[in-house]
Amino acid sequence: MAPAQRGRQTTVGRISDEVLAFTTGRDLELDPRLAEVDCIGTAAHVMMLSRMPVRPPIFRPGDARRVIRVLGEILLQARRKGFVIALEDQDVHLAVERLLTARLGDLGKKVHTGRSRNDQVATDLRLFAKIELLEAMDETLELAEVLLACARTHAWVPMVGRTHLQPAMPSSVGLWASAQAESLLDDVIHLIDVYQLNDQCPLGAAASYGVPLPIDRELTSQLLGFSRPIHNVLYAINVRGKLETAILGALGQVMLSLARLAQDLILYSLPEFGCFSFPPEYGTGSSIMPQKNNPDVLELIRARSATVLSLQMNVAEIARSLPSGYNRDLQETKGPLFDGLAITRASVRIMTLLTRGVTVHPERLKAGFTPGVFATDRALELVASGMPFREAYQQVKERLGELETSDPAAALAAKTHLGAPAGLDWEGYAERVQAGRDFVQAERLEFHEAISQLMGLPYPPAN
Ligand code: ARG
């Protein structure tokens, strides 16, 4: 008697359940989120194949339209009900191919002509990252705007400026809040930078080395709304992992800004400081201490910033050790990318909510001004009357006890140079926010138009 066949039949041969479970890893959970972009990428590939000058044609134009119509239906279904991947599918790519073949027979069996899952997943991930990065930019700009509004409202509210956390010099809530906003505006530069790196199409690279077919890579790149194809097919595969490292780096920058903001808000809302406060529903209570309302949200943002930074290291460490050409190790960079995007975006959104809810307490802020905070200003007054700075410094230092608390408002008004409390360029900030918004809007529009045209349905579809 012939030995019973072991393992499970898959599109690519028989594979044992243990090996399938191990190698599929997090893909069963993560890949459904790629279903939509996988359908889109496949539509572009099929469209390109239908225009390929070979005899007999791989797809006649009418066939391509049929395949793309079914891809559109799968896309809509995935959006509505979610997408289920069976263990024997291994991943979203073979699951979509299975559905197409079930619906269209031979036409479904043709879609993978001249393509590999290696360039397919790289394309999916770039489409996915494109959509996510535009959202992340928008959300980051929103938070920057909320902080700028807070800064303008409280532009003249005095706040003790600190170095080494010790009281240092007169400052303002306006300076503090706009500093946080400017940090985020710089982060948007990082996001745009990685967005542009990401905006190149790997499709057509196939396994890593191209194929002996007249693949039109310019066409698929255009159909998918990418700015251009990645030129070298081997590089198109090699750069996976390295790109994710860059994207996570940009997200890490956003998280560093949030961590600073979170830490400041935790500190300045302590009862001992009382400079800022939040509506009670933004805190969490304690199970034992009735009086507590803890800033758990801010603490978790602080900790999750560490997570995102370490995800970048995780991916870089995977990419670091790989030889040229596709390696399955790359699959392990998918989770960190998804996690980094999700954590960062959720953190930015909740920080926006919290920042909108901040109440500023001017009396408590003013109460923090000790005479020492005015020591440097006093020395500079002496300089104004002709004394060399070091002498003025020495004189003030020797008579610290004689210093008096001055008017913080006057101290702020005197700092008029570029970027100082009375020299903040509100218009410059507003222009930077607007430029970011314009970028996001233009890119989104271009992408939506390309995909709507390719799929023959309005994209993004109304849910
Ligand atoms: N899930 C795989 C990944 O993310 C898809 C590509 C599989 N390619 C392969 N040659 N086994 O990398």
Side-chain angles (χ1 to χ4, degrees), residues 7-42 44-45 74 78 83-100 111-132 198 201-211 220 230 233-248 311 314-342:
R8 214 180 268 229
Q9 190 56 46
T10 78
T11 309
V12 294
R14 230 165 226 293
I15 304 174
S16 89
D17 278 2
E18 291 81 357
V19 169
L20 269 180
F22 187 81
T23 54
T24 303
R26 280 186 78 191
D27 268 9
L28 292 191
E29 158 217 337
L30 299 173
D31 268 23
R33 292 168 62 188
L34 294 177
E36 196 168 310
V37 287
D38 198 73
C39 291
I40 292 170
T42 297
H45 184 66
I74 299 173
F83 190 88
V84 180
I85 299 169
L87 187 60
E88 51 269 35
D89 289 329
Q90 298 194 62
D91 51 38
V92 68
H93 322 296
L94 293 177
V96 170
E97 186 178 319
R98 171 176 55 77
L99 290 175
L100 284 175
V111 299
H112 210 56
T113 311
R115 183 178 72 169
S116 155
R117 276 182 293 167
N118 303 347
D119 60 338
Q120 189 178 359
V121 65
T123 306
D124 288 6
L125 289 168
R126 281 175 186 253
L127 290 170
F128 179 81
K130 180 174 207 167
I131 297 166
E132 287 282 316
N198 179 71
C201 186
L203 198 58
S208 302
Y209 300 97
V211 287
T220 42
I230 300 174
V233 290
L234 176 55
Y235 172 65
I237 300 301
N238 280 354
V239 69
R240 188 171 169 205
K242 193 160 177 286
L243 173 71
E244 282 78 349
T245 305
I247 293 174
L248 286 165
L311 290 173
N314 179 350
V315 171
E317 278 294 306
I318 293 170
R320 174 187 63 76
S321 63
L322 299 182
S324 278
Y326 177 82
N327 299 275
R328 190 70 180 263
D329 311 49
L330 290 169
Q331 181 174 296
E332 295 299 283
T333 65
K334 193 186 295 172
L337 175 69
F338 284 20
D339 292 347
L341 283 162

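We count ligands from 1, going down the list as the structure has it; atoms in each ligand are counted the same way. The analysis underlying the following values was restricted to heavy atoms, covering all of them including side chains, and did not include hydrogens, waters or symmetry mates.
When heavy-atom distances to ligand 1 are checked against a 4.0 Å cut-off, R240 comes that close only through its side chain, counted from C-beta outward. Residue contacts with ligand 1 for Q120 are absent, since no atom lies close enough (heavy atoms, distance under 4.0 Å).
Between N198 and the options K130, E132, E244, a side chain to side chain contact (heavy atoms under 4.5 Å, CB included) holds for only K130.
Here the heavy atom of the protein found nearest to atom 1 (N) of ligand 1 is D27 OD2, 2.6 Å. In terms of protein heavy atoms, atom 3 (C) of ligand 1 is closest to Y326 OH, 3.4 Å. Nearest to atom 8 (N) of ligand 1 among the protein's heavy atoms is N118 OD1, 2.9 Å. Closest protein heavy atom to atom 2 (C) of ligand 1: Q331 OE1, 3.3 Å.
Ion pairing between a basic and an acidic side chain is recognised when a charged N comes within 4.0 Å of a carboxylate O; R117 and D124 show no such pairing.
Across all their heavy atoms, G325 and L234 have their closest contact at N-CD1, 3.6 Å.
Interatomic distance, L87 CG to R8 CZ, rounded to the nearest 0.5 Å: 4.5 Å.
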- Would you sort out whether D38 and R33 count as a salt bridge (Lys or Arg N to Asp or Glu O under 4.0 Å), showing the intermediate values? CA-CA 9 Å; D38 198 73; R33 292 168 62 188; over 6 Å; no
- Query: Would R26 and D31 satisfy salt bridge (Lys or Arg N to Asp or Glu O under 4.0 Å), going step by step from the backbone distance to the final call?
  - Reply: CA-CA 8 Å; R26 280 186 78 191; D31 268 23; over 6 Å; no
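Ligand-side atoms of ligand 1 in range of K334: 1 (N), 4 (O), range being under 4.0 angstrom from any heavy atom.
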